[in-house]
Every structure is written in structure tokens, then in C-alpha cells.
Amino acid sequence: MSDYDFTSIEKKWQAYWETHQSFKVTEDPKVPKDKRRYVLDMFPYPSDAGLHVGHPEGYTATDIYSRFLKMRGYNVLHPMGFDAFGLPAENYAIKTGTHPRASTERNINRFRDQIKSFGFGYDWDREVSTCDADYYKWTQWIFLKIFEKGLAYEAEMPINFCPSCKTGLANEEVKDGLCERCHSRVERRSLRQWILKITAYAERLLADLEKLDWSESIKVMQRNWIGRSEGASVIFSLEDKTPIEVFTTRPDTLFGATYLVLAPEHPLVPKITTPDRKKAVAAYVDAAGRKSDLDRTELAKEKTGEFTGAYAINPVNGGKIPIWIADYVLISYGTGAIMAVPAHDERDFEFATAFKLPIVQVVSRDGKPMELKEAFTEDGVAVNSGRFSGLPTPEFKKRITEWLAGKGLGKATVNYKLRDWLFARQRYWGEPIPLVHCPKDGIVPVPYDELPLKLPDVKSFAPTGTGESPLAAIADWVNVTCPKCGGPAKRETNTMPQWAGSCWYYLRYLDPKNDKAFSGRDKIDYWMPVDLYVGGAEHAVLHLLYARFWHKVLFDLGLVNTDEPFRRLVNQGMITSFAYERPDKSLVPVDQVDERENETFIERATGKPVARIIAKMSKSLKNVINPDDVVREYGADSMRLYEMFMGPLEVSKPWTVSGILGVKRFLDRVYKLGDKPLADGEPPRELLRLLHKTIRKVTKDTDNLCFNTAISQMMIYSGEIAGLDTLPRALWEPFLLVLAPYAPHLAEELWEKCGRKPSISAHPWPAWDEALTVDETVTIVCQINGKVRSRLELPRDLKPAELEKAALADARIRELLAGKKPAKVVTVPNKLVNIVVKG
RNA sequence: GCGAGAGUGGUGAAACUGGCAGACACGCCAGACUUAGGAUCUGGUGCCGCAAGGCUUAAGGGUUCGAGUCCCUUCUCUCGCACCA
């Protein structure tokens, strides 16, 4: 008897797969379209911390699924690569002087080794790195296509600027006013920027979500982010007839508009402000300009504003209403101006109350005015609205919009919260934007045949912080001749954001070495779209929105075959860890806590009890699990199996050491089963039945990504056959086959040990015989008034009358009935009999 | 505040279209063998009760012969959004 030496077994088979190119994929034209699958992982950013346990969770899921599909006869594309441009490498370079390329390469090599140590069946010939010139050549190429299509523009405008990362950020990269990456407070700064017109695709990005098999929560996040709202734009005018356009979703409340509010940045503000209000207004505008978005929202409780001294005319009733400015109105949404209806909008109500402005009710619940202690924002029936009074809200909206349109005073309008995508970074380690600024010809694209525009070497990686990237300091790179007129010109020195490379990497995998095109059209047609995309939910509105946008642009250019890239998306849950919390909610690192009996935990330093909680893994809590350690101590197969056994893929779940021991024991048992002598005879009937049930369950569960229940079925099965002295081949080999996607190294080893030729991954998946899964007898539950009172072991498929008869004949049932007559008997074939008695 | 998802043993979790709640695993208990490093094997283990039996899927109500599952109300947690007019 030998020990389960997982380390040498895993090394052996990883070497075998590598030398035999077991997972190399080609575009075999004989395989029909419905037998091809593209299974994609979100590629990692190779940080210097190495892989964390969250990475192999998604990767294991897709690996099991891909191996499973392959065994079922599919041609499966399952590639891996690296999202390799980005700030951490650059920051490291600033600190140490190491070129980002050097540290990135080192990290990639480490990541690749780590990923390989799990035995994932990637086709490594298709590996891509977004920072390779051969790759970013095509990122630049696609950018130029976007530029040519008029979807990229340059603008100098106030933007989100992270003072710590020293670069501008897209809206999607700011969370609660903090930089999504480093959590510094984001400032407002005016910078020259390159911006992509993602808003031009807002409607399609929204509508096409319907076609996608994605989790509802991600779709909702994207919908909210795009933020479509239907309403009307209405033109108010000043006394001197200057028009002011506002956007409202409630044109039905026009009669209740008692003042207008402009954003402080609104261009009309300086023009309309009366001399006596100039000083106060200018001070307010200045203060608002210096506030960050966070400041503006943090102070949300107290409404502030200033009266401009000007008045506007309400187009529906000729009412003269004051015009205010306030920072609760955003210049970037709608027209930067609103009509305020305090009776029916909470914010306007607050503002009107604070500044003692009139509140006029124009909607009521039932057509009769009611007392308003707060804004009534629901739909209702119009009041105080002239000849529109009495109309229900939706009808009113339609009628008033038509009326306004007829008078040229407004029209139906759709607005989106989505803003254009700020696409320039004032940093070094990214794709150079391939444009040239010529004093004569303006913006001139770098000719396609000069791509890639290579990232030059620099002396200093440090961002200047002035809105210029480190590239600006390299005179002989910056100064060029204009591709158009040949005169002196300057290169664009901004680089692209990290998201650029990941917008299309799934297309490069299809044809990674193509130097004529970003990807061959035949390859795109062969594989696309991605059938299953697995990754973390943190990219819900960043990568996933940007990639959809680029894909749609490529689709419109006729360069790809579908208008959506990722047909099905699954977000794996986070792997968390236990930590401890004092009664005051402060956290205690795990190494400072002792466990006592019955689930109590004591902080060693104080001797006081602390509560066990589930927390994200973090260095400070000392609860980080390093996957390398796990592979070394328990083996890759145990790690794979454990991460899948913990619970459903989509939910987050805490790591426990005892949990991995459980699956390790299972693999130990399976390994020992391999020592039993094999027999060729007919296996026992019950075990054969269990085998077919197991094949069925593992097949269906794997297909549905329900790996935890598939594993539990394999545990049950292995437990049952463990009692045999000799192992019928017919029970053993099919089991190894269903185990193979889950614990591929062990399965290969045992497959070889029982005399089969490797690789098991190339062997067809076993089929189950439905007839063989059927039990001869079934347990019939006998209930009286819904309570289980007895169980009967009966032949299958008895008729209802027979079931009823059997149940009523049961001694226990007769005793409990005590002669009472059943009022009703419900029977469910092969399941139960429920006897209903009264009284 | 709004939106989405979720609340099942000591723990991670199962449960198909309403039909034996708690599969599988951890932990714990008992036994076997005896133990060199998280041993292994067998049995038990939702709660209350000596027992018969009763109770049990966040709480309460409803529909139903029958509800973890469907409907209503409330509570709690996680995530996302948050002056978007």
C-alpha cells in the first residue's frame, strides 16, 4: 500500500499535459458550431503579491466545466492571459527604479507558474499580455477606429482627479468620492482629456442587457449606472425672452413650479445675475467650484443656494418665478437647470422650506388638495393645474408634453446618468494614445502602418502631477513630424486607462499571433461569442460596460459577428475568512484569539470574549490564505475540490482549514481504492444503480455549475464502493471519468494504474442508463393530516387505490385512526399517502 | 432613502415543477485499533423530553390535504446606487 503522494503525482501529470500539449485547441472545421464552446476567465492583473485564493475559485470552476465539455465531445476554447498595464507596477517602479516591464514580467512568470500548479487545462499557446507591443498595437488600432468613427474627442473640463495616483479618473472609477483603487479623496481639476463617447451607445448598452444570460444583480447595476429616465425638456424664458431649458420627469407638475434652480456652473448664471446679487452669487459659484463631488454630496443634508435676482416666466401659466442657483443641481446632468416643484419633489421641498419659497400643490391622491407636510412624490390626480386638473399623472404627462411640443416650448426627452468615458491617464505604464497634435492640421492619427506606437523608455517614471504624463519629458519622442503635412508636431502624451487592454482581450485569444489583424475574422466566426464568462462582481460597471461598448463599436464596423461579447456571465462569490470582533465592533487579528469550548473565543491580551465574524481576507487581520501553501500541504486536487465544495459558486463563503481536510480525506480514500484488486465480473446490482445515479447527478450538476452537490454525490459513491474487497472495473473506471474534471491529477494517476492509457481528459464522458437508475421499491410516506406517521416500502408505480389500501392497512395508521373514517385521501405516486380526518 | 439578493443545526451547506427538512462535509460524542505529528475505521449527532411524544427552515399571518418552497406584513444581514430633477 502506497501513500497518496499528491506532490509527485501532480508534478508528473502537469509535465505530461505540457509535453503532450493535451489542451492545445485548434479550429477544427469538422466540429459544428453547436459543439464549440468558448469558456473564459477574467484574466488577472499580475500583482507582486501573487495569486490569492479568490483567483483559483473561478479558474477551477471554468476548468472543471471545460474539461467536462471536452470529454463530452465539444471543442473547447479555454485561454488565459494577463492584464499587465496598470498603476501598481508603475508605483513600484517609482519606488525602486525597476522598469515596470521588468517587474511585470517577473509577476507574470510567477502567476503563470502558480496557475499551472493547479493543473488548469489552458491552451498556453494563446496566452496574451496587454503590455506586449504585439498586443497593444491592436489596442491602438482599435482606438484609431473609434477615433475615426468620431467617438473620441478632446476636451478641457473639470474632471475627477486622484491626487495620490496623480491622474484623472473615469466616473466609474470613483466610489463615494474616493478613488476606487487607492481610496484617496478625489479632487476636481480642469485638465485636457481624451474622452470616449460611450453615451452614444447608452440606449443599446441598456436595451441589449435583455439578451444576456447574466445575473440580475449585475444587469441591475448596469441599468442603474446607465440611468435612463424619460421626461420632457421645457423651455422657460427670462423676462427678456432668453430661453432656459430644464429637464423634468414630471412635466405634469409644471403648474407647481415655483422657482428655477441652475447649477452654479451654468453658463447663464453670470449673464442673468442682477448687480445687487453679483457678489453673493460669485462667492457661491466659487465655493461650489472648489468642492469635490464628495463635499457636495456629504453636505446634502443642508441645502444651500443663492438668489440670482432674475425671474423666469412659467410657460404654462405665465407665472413669474425666481431663479436660484444651488449645488444640488448638477451641471453634468440634463441641462444643468431644473424647475423646482417643492410640493412634489423632496429636494425642492427641502430647499423651498429652507429659503421660504412658495409651495403649490398640483397633484393629490384623490383629486382633492391635501395637507402637505412633506413632498408628495407619487402619481395621483392633478389639481390647481388649469384645464389639466383632474387628469391622472400618466395621462397628464402625455398631454402636457404634446401641448408643449405644439407650442414649441418643449419636447419629450430621454436622459441618461451615464457620462462619457474619460479615457486619458497622465501616467507612464499604459498604451500611448496614437495621435499627433499638429499646429496646422490639428489632431492627426498616427498612420496604421506605424503601429505599434511603442512606449519609450523614460528616466523618471514619476507622474508630474501637472496633468502631463512622464512621456511629456522625452523631447525626442514627443517632437515628431506631422504625418499629414510633414511639419513639426507633438505627440499626445497621455496614455490609455488600464481598462483599454481588457476591452478586447477575449478576441485576441482567438488568434493571438496574427500580425495582419487584431483577430482573424474566420477565428471570430468560429468561436464567438463567449459562451461562459466567469469572474468577480467588482467589474460590474467597469470592465463589463467598457468591453460591451468596444464590442458594439467593432460590431458596427463589421469587424465582429455579434453585438454582445459575453453571452453568459457568472460571478463567483468572494472567499472570505474568519476574524474576531470586540463588543465595540473593533476587529481583532486571528492570531490574537484563542478558541475555548462551545464556540467561545477569547482575546488573549485581555481575556475578554470576542465574537467570530466573517470578514474579507486582509493582511491586518492575519487571515489571508496563501494558495501556494495550500497546494504544498494538501495538493492542487484538494484545493480545487475544496473551493468547489465550500458552497455554490456565486455566493461568498469563509475558508476553513478543517474544510479542506474533509476533501483531502475523500481524495485519500479514493487513492486507497486504487489499491484494491480489479475484477472484470458483473458488479452488484445496487452499486451499479448507484453508479448510474452518480453519473447522472455529476453530469447534470456539472452542466449547471453546481459543483458542490456533484462532489457530495461522488463522496457518497466512493463511500459505498469502499466496502468491496475487489473492485469491479465497471464500477471503478466510470467513477474515475466523472472525477477527472474535478481532481484531474489523481484521476490520471488512477486511470493509468488500472491499465488505461493517458490522458483520461481525452476519454469520452460516461453515459448513464436511465433504466438502471430506477429503484425497484420506493418508500411511501404515510401521513395523517399532513404529519408523517408511518413509512412503507412498496413496489414502484402502484396505483393510487393500491397505495391508499396499503396505507390504510398499515398497523400504525390503523391504530392512530382508531376507527375514524378518512374524510379524504391524497396520494402522490411513488411518494406519499396523506389521510385527512376530521375532528 | 431607493434597488437587488439572502435569512435553514454548533459550522459550511442540501432539498427537482409545493410532497420524508437538514443530503454531503466540518465539529462534537461513543466504540475499535492502538496513535508519531491535522491518524484511520465503525456507530451516533436539529431542538425539548427518561419516554411516548411534541416542536423546528428570521418573526407573524394567509392559500393548500400538504409550505423551506407560493402570497401578504414585519425584522435582520450582504451588495450596489445615492441630491441624476
Side-chain angles (χ1 to χ4, degrees), chain A residues 175-176 215-225 227-229 231 246-250 253 261 293 296-301 303 326-330 332-341 344-348 350-351 415-419 537-538 540-541 571 573-574 578 597-599 612 614 633-634 642 645-648 650-666 668-669 672 700 706 708-716 719 722 779-788 790-791 822-837:
Chain A
K175 272 208 168 82
D176 299 324
S215 75
E216 198 50 35
S217 64
I218 297 283
K219 286 195 198 179
V220 165
M221 279 190 236
Q222 292 217 351
R223 277 188 208 116
N224 289 344
W225 192 260
R228 182 182 201 274
S229 73
V246 304
F247 172 73
T248 178
T249 55
R250 294 293 303 271
T253 60
V261 187
D293 276 0
R296 274 169 82 150
T297 51
E298 253 182 359
L299 301 170
K301 280 147 210 145
K303 291 269 183 293
D327 65 4
Y328 81 92
V329 175
L330 308 174
S332 50
Y333 183 76
T335 61
I338 62 156
M339 64 176 213
V341 185
H344 305 291
D345 181 284
E346 281 163 30
R347 298 150 300 182
D348 298 345
E350 243 179 82
F351 191 82
N415 252 310
Y416 299 91
K417 279 198 252 180
L418 182 71
R419 306 290 144 78
E538 66 274 17
V541 286
N571 298 110
M574 201 185 321
F578 287 115
E597 307 86 79
N598 51 35
E599 292 281 309
R612 189 169 77 172
I614 288 169
E633 289 185 45
Y634 306 96
Y642 175 55
F645 186 62
M646 290 167 83
E650 294 92 334
V651 306
S652 62
K653 47 240 154 184
W655 184 279
T656 61
V657 173
S658 51
I660 193 163
L661 275 169
V663 294
K664 170 70 164 46
R665 268 177 223 156
F666 163 64
D668 280 336
R669 273 202 307 271
K672 277 198 197 121
K700 290 186 171 172
C706 297
N708 53 334
T709 49
I711 293 167
S712 104
Q713 184 64 36
M714 290 190 270
M715 286 173 166
I716 293 169
T779 306
I780 300 295
V781 173
C782 301
Q783 299 178 327
I784 295 175
N785 290 339
K787 290 194 170 159
V788 181
S790 183
R791 292 184 173 89
K824 187 176 173 185
V825 178
V826 180
T827 57
V828 180
N830 295 326
K831 284 248 164 73
L832 63 70
V833 179
N834 188 13
I835 300 159
V836 185
V837 285

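Small disclaimer: the values here were computed from a predicted structure and weren't measured. Below, chains carry the letters A, B, ... as their sequence lines are ordered, and counting in each starts from 1.
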Base, sugar-phosphate, or nothing: which does [X] touch, judged by heavy atoms less than 4.0 Å apart?
{"X": "A/Lys175", "result": "sugar-phosphate"}
{"X": "A/Lys664", "result": "nothing"}
{"X": "A/Val329", "result": "base"}

Separation between the [atom1] atoms of [N] and [M], rounded to whole Å:
{"N": "B/rG38", "M": "B/rG43", "atom1": "C1'", "result": "22 Å"}
{"N": "B/rA82", "M": "B/rG1", "atom1": "C1'", "result": "8 Å"}
{"N": "B/rU8", "M": "B/rA67", "atom1": "C1'", "result": "14 Å"}
{"N": "B/rG9", "M": "B/rU45", "atom1": "C1'", "result": "10 Å"}
{"N": "B/rA52", "M": "B/rU17", "atom1": "C1'", "result": "38 Å"}
{"N": "B/rC28", "M": "B/rG19", "atom1": "P", "result": "35 Å"}
{"N": "B/rU64", "M": "B/rC71", "atom1": "P", "result": "16 Å"}
{"N": "B/rC20", "M": "B/rU57", "atom1": "C1'", "result": "15 Å"}

Given the side-chain rings of A/Tyr642 and A/Trp655, with only the six-membered ring counted for Trp, is the space between their centroids under 6.0 Å?
-> yes
Where the side chain of [X] is concerned, which of [options] is the nearest nucleotide?
{"X": "A/Ile338", "options": "B/rA85, B/rA82, B/rA25", "result": "B/rA85"}
{"X": "A/Val220", "options": "B/rU11, B/rC65, B/rG3", "result": "B/rG3"}
{"X": "A/Lys303", "options": "B/rA13, B/rC20, B/rC83", "result": "B/rC83"}
{"X": "A/Phe645", "options": "B/rC20, B/rA25, B/rA85", "result": "B/rA25"}

Heavy-atom distance under 4.5 Å between the side chains of A/Thr253 and A/Met339, does that happen here?
->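 The answer is yes, as the side chains (C-beta and beyond) meet within the 4.5 Å cut-off.
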Any A/Ile711 side-chain heavy atom under 4.5 Å of A/Gln713 side chain | no
Can you check whether A/Ser229's main-chain N or O pairs, donor with acceptor, with A/Asn415's side chain at less than 3.5 Å?
-> no
Ignoring hydrogens and angles, tell me if any N or O in the side chain of A/Gln222 forms a donor-acceptor pair with the backbone of A/Ala540 under 3.5 Å.
-> yes
Verify the contact: side-chain N or O of [X] to OP1 or OP2 of [N], cut-off strictly under 4.0 Å; return yes or no.
{"X": "A/Tyr328", "N": "B/rA85", "result": "no"}
{"X": "A/Thr656", "N": "B/rU11", "result": "no"}
{"X": "A/Lys653", "N": "B/rG12", "result": "no"}

Check nucleotides 32-40 of chain B against the protein and report each pair of N or O atoms closer than 3.5 Å, with its distance, or say if there are none.
residue	atom	partner	partner atom	Å
B/rG38	N1	A/Glu633	OE1	3.3
B/rU40	OP1	A/Arg665	NE	3.2

Which range-with-range stems can be found for RNA chain B when each stem has 3 or more Watson-Crick or G-U pairs in a row and both distances sit under 3.5 Å?
-> B:1-7 with B:75-81, B:10-12 with B:24-26, B:27-32 with B:40-45, B:46-48 with B:53-55, B:58-62 with B:70-74
Taking 4.0 angstrom as the limit, do A/Lys672 and A/Asp668 come out as a salt bridge?
->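 Salt bridge: no.
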Name the pairs: protein N/O against N/O of nucleotides 14-19 of chain B, kept only if under 3.5 Å.
residue	atom	partner	partner atom	Å
B/rA14	OP1	A/Asn708	ND2	3.0

Parallel, tilted or perpendicular for A/Phe351 and A/Tyr328, by the 30°/60° rule?
-> tilted
CD1 on A/Ile835 to CG on A/Asn785, rounded to 0.5 Å |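 Nearest 0.5 Å value for the CG-CD1 distance: 9.5 Å.
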